[in-house]
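For reference, the structure is listed below as structure tokens.
Atoms considered below: every heavy atom in the structure, side chains included; atoms not considered: hydrogens, waters and symmetry mates. Just so it is clear, the structure is predicted and the values come from calculations on it, not from any experiment. By convention in this document, chain letters (A, B, ...) are assigned in the order of the sequence lines, proteins followed by strands, and residues within each chain are numbered from 1.
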Amino acid sequence: MGKTIAEKIFAAHLKDQPSPENMVLNLDVVMCHEITTPIAIMDLVEKGMDQVFDPTKIKAVIDHVTPAKDSKTAMQGKIMRDWAKRHNIKDFFDIGENGVCHALFPEKGFVRPGYTVIMGDSHTCTHGAFGAFAAGVGTTDLEVGIYKGVCSFRAPKTMKIVLEGSLAQGVTAKDVILAIIKKITVNGATDKIIEFVGPVVDKMTMAARMTLCNMAVEAGGTCGICLPDRVTAEYLWPFIQGEFATIDDAVSEYTKWHSDPDAAYEQVITIDVSSLTPQVTHGFKPDQVKDVTELAGSPIDQVYIGSCTNGRIEDLRDAASILKGKKLAPGVRGIVTPATPLIYSQALEEGIIKIFMDAGFCVLNPTCGACLGMSSGVLAEGEVCASTTNRNFNGRMGKGGMVHLMSPFSAAAAAVAGTIVDPRPYLNK
Amino acid sequence: MQPFTQINGLVIPLNRPNVDTDAIIPKQYLKSIHRTGFGENLFDDWRYVDPGEPYMDHTKRRINPDFVLNQERYSNGEILLAQENYGCGSSREHAVWAMVNFGIRVVIAPSFADIFYGNTLNNGLLAITLPPEIIDQLFAEVEAAPGYRLQVDLTEKTITTPTGREIKFVIEEYRRHRLLNGLDDIGMTLLHAAEIRAYEATRRCQAPWLFDAR
């Protein structure tokens, strides 16, 4: 019997198997941010165990509330900063260099095919786009990861989603993942890894694959995962050129992680995306998804473009292509937060920031901010936001607020229209 | 971490599916740097009518009398009966801390989200999955009978209703062992106190990775 990519990664990292169901894996990267890590740090200090297993394998960032908004969030940042200094953690990103973790760490080349990654953050599944096993964990598991470089997981079970056909213009990876979650439900992939394959994934950029994997957890998935290929190797080339003579060599090496043809899956779902239209959520669950046309005309108060789902340069380009020369509809607030400083400066160079500003958007520094309702664009009770983020839970962006998840095209079109609207007539062809 | 063997506890019915961790403990309480003090903000948005902030005196806030946690018949409940996909969303372990701080010892549901389920184990909160039809029956019984209690026995892997009906539940042996002995991941990793050296010696053979010198 062959193995899936996840089974291969688990086998290559197996440290111990205390029971048939539990596998303790060696970790290649332990990622840390200022919401869930300080409690782990405080705990280790209190126990007299203030150590890190390998400072080069720890990647840390202040991203959720930055710059700090009050003394409590300032203290969370300070604990991270002092800890990084104390343990000589070189890859620590503070004000000026910080960005949304799941956008920042990939662009630094920290995640490679076949890696194991944990973070005290549910959207860690994003990094599966690189052919890695990357999972969100709680603070206690994170603490063990920091201290010992291991984490316990249940033996992997995989759901394979085969994406066939080709995407129509104005339809993106965000629409695909929303359609998938609608189909399999918020509970559909619980305890499973979602392996995304097929010609549609093969053609996707790394940014699109990250969007796809980012929302695996919204279907309950432990991790989303894509098979590493030439697209992966080309993205990583600046970081791996010392390891491989050519990109071809890297591609061929990475092929070893590919799932075997006779690998066993819990479930295989094939979806033809050719007739897919832009998707948008309604209600308070990520599987409450409709075609955008069904919700057209629903009024909005705010548009939010950013986050680990859709705050990358490709996303800002999509939104700007619609916003160019246009204005926010009267009464609608627009917020854009490029996910990292690199994305921000690229957007500046490409004139995208100017397009947003001319349209009347507020341009924020890179931060998770309003996506989780902690700062920088929280909604008032009764307000509605068209958002490129990943969660529409009740009160997610502010108590009593409502979030409609959608693609950057759809959010930009909504900004101009003042209501949810089909973005396709707004595309500049 | 407190070991779990058995309890006889009052049941609180939370009859809604997909309860997410944002609802269990809202974001404004994530600014804490400690594992304790979340109990009074468990289900904050549902429990209180007015918006809450960490600096408030929560005893002075307006409560929502319709929410189960505010109903006299469920006060001091220790067993939360919930619906499918409980604990979905954010990885925040604060959700489990809030439940444990509040006094919940057992949560029973048809299914749990993956990360939440892992977090319960690290905090001695027993998460039991039962088939949906049994869960629905338990909801009917709890709602019909004030003072409804369940006897939960982890040693025997049984739940006993007030009428003496016994329901068997399944739990991985590894989880059961850790809960019975009060071992979270850190406990598993950092066993070093003198009084448990004997145990450590055994574990050294069973799980050598725990004791690697790096």
Side-chain angles (χ1 to χ4, degrees), chain A residues 15-16 18-19 21-22 24 35-36 38-39 41-43 47 49 53-54 64-65 70 72-73 75-76 79 119-122 124 135-144 147-154 186-187 190-191 217-218 220-222 285 372-374 381 391 393-396 399-400, chain B residues 1 17-18 20-23 26-28 30-35 44-46 50-52 54-55 84-85 88-97 110-123 172-175 177 184-190 192 206-210 212 214:
Chain A
K15 178 96 174 167
D16 184 34
S19 77
E21 275 303 300
N22 284 84
V24 178
I35 299 297
T36 52
I39 297 181
I41 296 170
M42 298 288 284
D43 214 36
K47 291 191 173 97
M49 315 298 291
F53 81 109
D54 181 346
H64 273 55
V65 187
D70 54 23
K72 278 182 178 279
T73 50
M75 181 53 74
Q76 290 177 311
I79 291 170
M119 184 174 201
D121 190 287
S122 60
T124 308
V137 297
T139 289
T140 308
D141 285 334
L142 176 70
E143 192 173 326
V144 173
Y147 184 71
K148 277 281 181 183
V150 295
C151 191
S152 172
F153 291 98
R154 282 193 266 186
V186 289
N187 210 2
T190 299
D191 289 343
V217 70
E218 309 311 331
T222 309
K285 289 195 301 157
L372 75 160
M374 279 192 85
E381 198 158 344
R391 282 203 176 122
F393 296 163
N394 199 346
R396 172 77 177 176
K399 184 169 178 170
Chain B
M1 189 175 110
N18 305 303
D20 58 73
T21 53
D22 280 61
K27 74 281 281 172
Q28 63 270 35
L30 305 184
K31 297 188 284 184
S32 171
I33 51 169
H34 303 287
R35 288 167 177 260
D44 198 90
D45 282 354
W46 296 340
D50 50 350
Y55 55 81
E84 64 173 20
N85 201 27
C88 58
S90 159
S91 65
R92 58 187 73 165
E93 196 164 317
H94 310 63
V96 175
W97 299 330
S111 61
F112 294 96
D114 206 11
I115 306 173
F116 176 88
Y117 191 65
N119 290 341
T120 58
L121 179 60
N122 283 326
N123 293 278
E172 284 167 32
E173 214 30 55
Y174 176 73
R175 289 179 71 91
H177 166 80
D184 63 7
D185 265 357
I186 299 167
M188 294 290 280
T189 313
L190 306 182
H192 59 84
Q206 289 172 344
W209 61 269
L210 294 174
D212 270 8
R214 274 185 180 266

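- Only the backbone of A:V137 comes within contact range of chain B, with heavy atoms under 4.5 Å apart.
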field: Test log, rule salt bridge (charged side-chain N to carboxylate O under 4.0 Å, His left out), inputs A:R154 and B:E172
entry: CA-CA 10 Å; A:R154 282 193 266 186; B:E172 284 167 32; 3.5 Å; yes
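- The closest side-chain donor-acceptor pair between A:T222 and B:D114 falls under 3.5 angstrom.
- Heavy atoms of B:T21 lying under 4.5 Å from chain A are absent altogether.
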query: Can you check salt bridge (charged side-chain N to carboxylate O under 4.0 Å, His left out) on B:R35 and A:E143, steps first, answer last?
result: CA-CA 13 Å; B:R35 288 167 177 260; A:E143 192 173 326; 2.9 Å; yes
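- Taking A:N394, A:I35, A:T124 one by one and counting their heavy-atom pairs under 4.5 Å with chain B, the maximum is reached by A:I35.
- Taking chain B as the reference chain and counting heavy-atom pairs below 4.5 Å, the highest number among A:V65, A:D121, A:T73 is found for A:D121.
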field: side-chain hydrogen bond (donor to acceptor under 3.5 Å, both in side chains) assessment of B:E93 paired with A:T140
entry: CA-CA 8 Å; B:E93 196 164 317; A:T140 308; 2.3 Å; yes
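- A distance of 11.0 Å separates CD1 of B:I115 from CG of A:D191, quoted to the nearest 0.5 Å.
- The CG atom of B:D45 lies 13.5 Å from the CZ atom of A:F393; values are rounded to the nearest 0.5 Å.
- With a 4.5 Å cut-off on non-hydrogen atoms, A:R391 touches chain B through its side chain but not through its backbone.
- Between A:T190 and B:F112 the shortest heavy-atom distance is CG2-O, 3.3 Å.
- Heavy-atom pairs under 4.5 Å with chain B peak, among A:G373, A:G400, A:G395, A:G221, at A:G373.
- Side-chain atoms of B:K27 come within 3.5 Å of backbone atoms of A:R396 as a donor-acceptor pair (strictly under, hydrogens ignored).
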task: Evaluate the side chain to side chain contact (heavy atoms under 4.5 Å, CB included) criterion for residues B:S111 and A:N187: first the C-alpha distance (whole Å), next the side-chain angles of each, then the deciding distance (0.1 Å), finally the verdict.
output: CA-CA 9 Å; B:S111 61; A:N187 210 2; 3.2 Å; yes
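- A donor-acceptor distance shorter than 3.5 angstrom exists from the side chain of A:Q76 to the backbone of B:L30, with no hydrogens or angles considered.
- Across every non-hydrogen atom of A:K399 and B:D50, the tightest pair is NZ-O, 3.7 Å.
- Ion pair A:D70/B:K31 flagged as a salt bridge, since at least one NZ, NE, NH1 or NH2 atom sits closer than 4.0 Å to an Asp/Glu carboxylate oxygen.
- Looking at A:L142, there are no atoms closer than 4.5 Å to chain B (heavy atoms on both sides), in backbone or side chain.
- Ranked by heavy-atom pairs shorter than 4.5 Å toward chain A, the options B:G118, B:G89, B:A113 are led by B:G89.
- Between A:S122 and B:S91, the shortest heavy-atom contact is N-OG, 3.5 Å.
- Heavy atoms closer than 4.5 Å to chain A are found in the side chain of B:P54, but not in its backbone.
- Only the side chain of A:M42 comes within less than 4.5 Å of a heavy atom in chain B; its backbone stays farther off.
- Taking chain B as the reference chain and counting heavy-atom pairs below 4.5 Å, the highest number among A:E21, A:M119, A:H64 is found for A:E21.
- Both the backbone and the side chain of A:D141 come within less than 4.5 Å of a heavy atom of chain B.
- Summarising the geometry, atom CG belonging to B:N122 is positioned 10.0 Å from atom OG1 belonging to A:T139; distances are rounded to the nearest 0.5 Å.
- Put simply, the side chain of B:N119 gets close to the backbone of A:G138: a donor and an acceptor are under 3.5 Å apart.
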